[in-house]
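First listed ligand is number 1; within each ligand, the first listed atom is number 1. Quick caveat, the model's predicted, so the values are computed rather than measured.
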Amino acid sequence: MAKTVYVLNGPNLNLLGTREPDIYGRATLGDVEKLCRTAAKQHGLAVVFRQSNHEGEIVDWIQEARSKKAAGIIINPAGYTTTSIAILDALLAADAPVIEVHISNIHARESFRRRSYISQTARAVVCGFGIQGYSLAIAGLAAMIEAKD
Ligand code: DHK
């Protein structure tokens, strides 16, 4: 059976395509999902793709990934990147490689966007590639998973 990776998206990413397009581009979250499914298929992985505006729901999904023994978690924590110890703690307990993704280059923006709690547990961070960052994250995660086997 194919290994499963969770792709989790935080607050306001449901607005992709219309939200600050100069920063986040014109692609929608549906486009991101398609991209992830195509990339995952190329690497023989199954994908659970979700978005929530609610911190607790994201924590629940990380715990679900843990209980279902997901092979990895790709997360764009969006606004929770710099605030959520609860999401960090859930990821620390997840027992699977975590890749942090940001569509924009957070280092070229306001300084508060750089202080990521999530990076403390991420095996890798991808930022600034637009939505292509998600397929890069899937390729990188697939290589990590293969290397472990
Ligand atoms: C998305 C957000 O919503 C912001 O809160 C982050 C991130 C950056 C992104 O680039 O995908 O600061």
Neighbour count above 12 (heavy atom, 6.0 Å) for R123 CZ: no
Contact (N/O only, under 3.5 Å) between S104 and ligand 1: yes
Heavy-atom side-chain contact between Y6 and I74 under 4.5 Å: no
Any N/O pair R109/ligand 1 closer than 3.5 Å: no
R114 heavy atom under 4.0 Å from ligand 1: no
For atom 9 (C) of ligand 1, closest protein heavy-atom neighbour: I103 N, 3.3 Å
4.0 Å heavy-atom contact, Y24 with ligand 1: yes
Pair S135-Q132, side-chain donor/acceptor within less than 3.5 Å: yes
Close N or O approach (V101, ligand 1; < 3.5 Å): no
Donor on one side chain, acceptor on other, Y134 and N9, under 3.5 Å: yes
T81 heavy atom under 4.0 Å from ligand 1: no
Short N or O distance, L13 and ligand 1, threshold 3.5 Å exclusive: no
Side-chain donor-acceptor pair present, Q51, N53, cut-off under 3.5 Å: yes
Proximity of R113 to ligand 1 by residue part, where a heavy atom lies under 4.0 Å: side chain
N12 and ligand 1 - part of the residue with a heavy-atom distance under 4.0 Å: neither
Residue R19 vicinity, atoms of ligand 1 by number, heavy atom under 4.0 Å: 2 (C), 3 (O)
side-chain contact (heavy atoms from CB on, under 4.5 Å) assessment of I138 paired with H43: CA-CA 8 Å; I138 288 175; H43 295 283; 4.2 Å; yes
Polar side chain donor-acceptor pair, T81 to R113, under 3.5 angstrom: no
From the candidates S116, G79, P11, the one that places a heavy atom nearest atom 5 (O) of ligand 1: G79
Evaluation steps, side-chain contact (heavy atoms from CB on, under 4.5 Å), between L16 and I103: CA-CA 10 Å; L16 276 181; I103 293 166; 3.7 Å; yes
